[in-house]
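Below: one structure, written as structure tokens.
Note that the coordinates shown come from a computational prediction; the quantities given were computed from them, not determined experimentally.
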Number of protein chains: 2
Amino acid sequence: MTRTVFEKADIVPMIAEVFRELGYEGATMSRITSRTGISKGSLYYFFPGGKEEMAAEILAEIEEWFVRNVFEPLEREEPQAAVQKMWREVDAYFRSGQRICLVGAFALDETRDRFAAKVAEYFRSWIDSLRAALVRSGASAESAAALAEETVGGIQGALILARALRDERVFARAVASHAERITKCMQPL
Amino acid sequence: MTRTVFEKADIVPMIAEVFRELGYEGATMSRITSRTGISKGSLYYFFPGGKEEMAAEILAEIEEWFVRNVFEPLEREEPQAAVQKMWREVDAYFRSGQRICLVGAFALDETRDRFAAKVAEYFRSWIDSLRAALVRSGASAESAAALAEETVGGIQGALILARALRDERVFARAVASHAERITKCMQPL
DNA sequence: GTCTATACTTTGATAGAC
DNA sequence: GTCTATCAAAGTATAGAC
């Protein structure tokens, strides 16, 4: 008989994927168990606080990932290169539109209220780091703020559309369009 | 003792609001009862099929509302006026960003699969009727298709951002920005 | 048509064997 | 650390009084 030993670093992403597929309320312990192969006993061993603790840790890990791979590069590295990196990372992270943004999904219903600070922080950080990169590249404060907000919102909307229409090309087109607008903004006449 | 008598035409919007607030999985019969004041007995009297039947009727009513107030005007009326009407109706419908789009929320998790046809139809109709209006106003087929898709996606993304940041001005800015881009597209040089 | 009471299922959470 | 067994609470759905 084989016996799988899990490590928390491995199971957080597995559970995160179930939350993405089913949402916070739809992700019951039974469904998490059946989709990950991790028994209820093990789940409560790692997360004594149950679903709420799981979701909190998932949100923390998502935030960390974006800080390291997107937000900090936008704030510290050369703007053009950092924006290019953002698009690469975003396309990979959201599987070219086949994977949703859990933070955005949480924002839509009252799940938001459970994790209000984390949800707001994620989007605030993304918009602000992108805005800062645009400003450093020479964009005006106003156009940078507007474009950053529209870009982050546009990504979220494209994820909804791509899933609703079952057509990931919608996501690709949105990324291409927003990338072009950013490029133009960074290369003023 | 007062006894409230409900009509289906009245209760569908009430239940729809609970689904918007809590999502499909989060909207349990008990919570629907407590938030609407309609007992479980009455709910099952009107919807023998339970939650699934409720959601199906809600989606049908949403679709009807958008067809009548947004999609058909875009297809039949003078393009500029119809687009202006669309922005008025959208702002009112989504309460200036304080109310989410239930169809978009359903699209994000596996609730989509229960109502796949309705979810896809809603966004396909919106994008296509807006695209048609842009074409009739003189826009090129390519730019009309791209702008229509970006506009509908942008609205969805703005609803997520506005809720996440608890700032409805995000929605107002997105509407203003997309409205301006459409106006420019409809008045080619 | 409304409601309460009830049956049955699923969920969240715990205890204890291994 | 894993798992199964178990329980109280909450879920869906039904029946029947009014």
Pair B/E25-B/T111, side-chain hydrogen bond (donor to acceptor under 3.5 Å, both in side chains): steps then yes or no:
CA-CA 8 Å; B/E25 295 288 348; B/T111 305; 5.1 Å; no
Tell me what A/K40 touches on the nucleic acid: a base, only sugar-phosphate, or nothing, going by heavy atoms under 4.0 Å.
base
Have a look at B/T28 and say if it touches a base, only the backbone sugar-phosphate, or nothing, with a 4.0 Å heavy-atom cut-off.
sugar-phosphate
Measure from the side chain of [X], starting at C-beta and using heavy atoms only, and say which of [options] lies closest.
X: A/F46; options: D/dT2, C/dG1, C/dG12; value: D/dT2
X: B/S39; options: C/dG1, C/dC3, D/dC3; value: C/dC3
X: A/R31; options: D/dT12, C/dG12, C/dT11; value: C/dT11
X: A/V5; options: D/dT2, C/dT14, C/dG1; value: D/dT2

How long is the line joining [atom1] of [X] and [atom2] of [N], in whole Å?
X: A/K51; N: C/dT10; atom1: NZ; atom2: P; answer: 16 Å
X: A/L43; N: C/dT11; atom1: CG; atom2: C1'; answer: 14 Å
X: A/M29; N: D/dT4; atom1: CE; atom2: P; answer: 14 Å
X: A/E52; N: C/dT11; atom1: CD; atom2: P; answer: 19 Å
X: A/F47; N: C/dT11; atom1: CZ; atom2: C1'; answer: 18 Å
X: A/Y24; N: C/dG12; atom1: OH; atom2: C1'; answer: 11 Å
X: B/L22; N: D/dG11; atom1: CG; atom2: P; answer: 11 Å
X: B/I32; N: C/dC3; atom1: CD1; atom2: C1'; answer: 17 Å

Closest-nucleotide mapping onto DNA chain C: is A/G41 or A/S30 further toward the 5' terminus? I mean the 5' end.
A/S30
Taking OP1 and OP2 of D/dA13, is either one under 4.0 Å from a side-chain nitrogen or oxygen of B/Y44?
yes
Looking at B/S42, does any N or O in its side chain come under 4.0 Å of the phosphate oxygens OP1/OP2 on C/dT2?
yes
Could you tell me whether B/R76 atom CZ has more than 12 heavy atoms of other residues or ligands within 6.0 Å of it?
no
Stepwise ring-ring contact (aromatic ring centres under 6.0 Å, His included) check, B/F6 with B/F46
CA-CA 10 Å; B/F6 296 102; B/F46 284 114; 7.6 Å; no
Applying side-chain hydrogen bond (donor to acceptor under 3.5 Å, both in side chains), run through A/T33 and A/S30 and close with a yes or a no.
CA-CA 5 Å; A/T33 290; A/S30 307; over 6 Å; no
Which heavy atom in B/K51 sits nearest to a heavy atom in B/F19, and how many Å separate them?
O-CZ, 4.2 Å
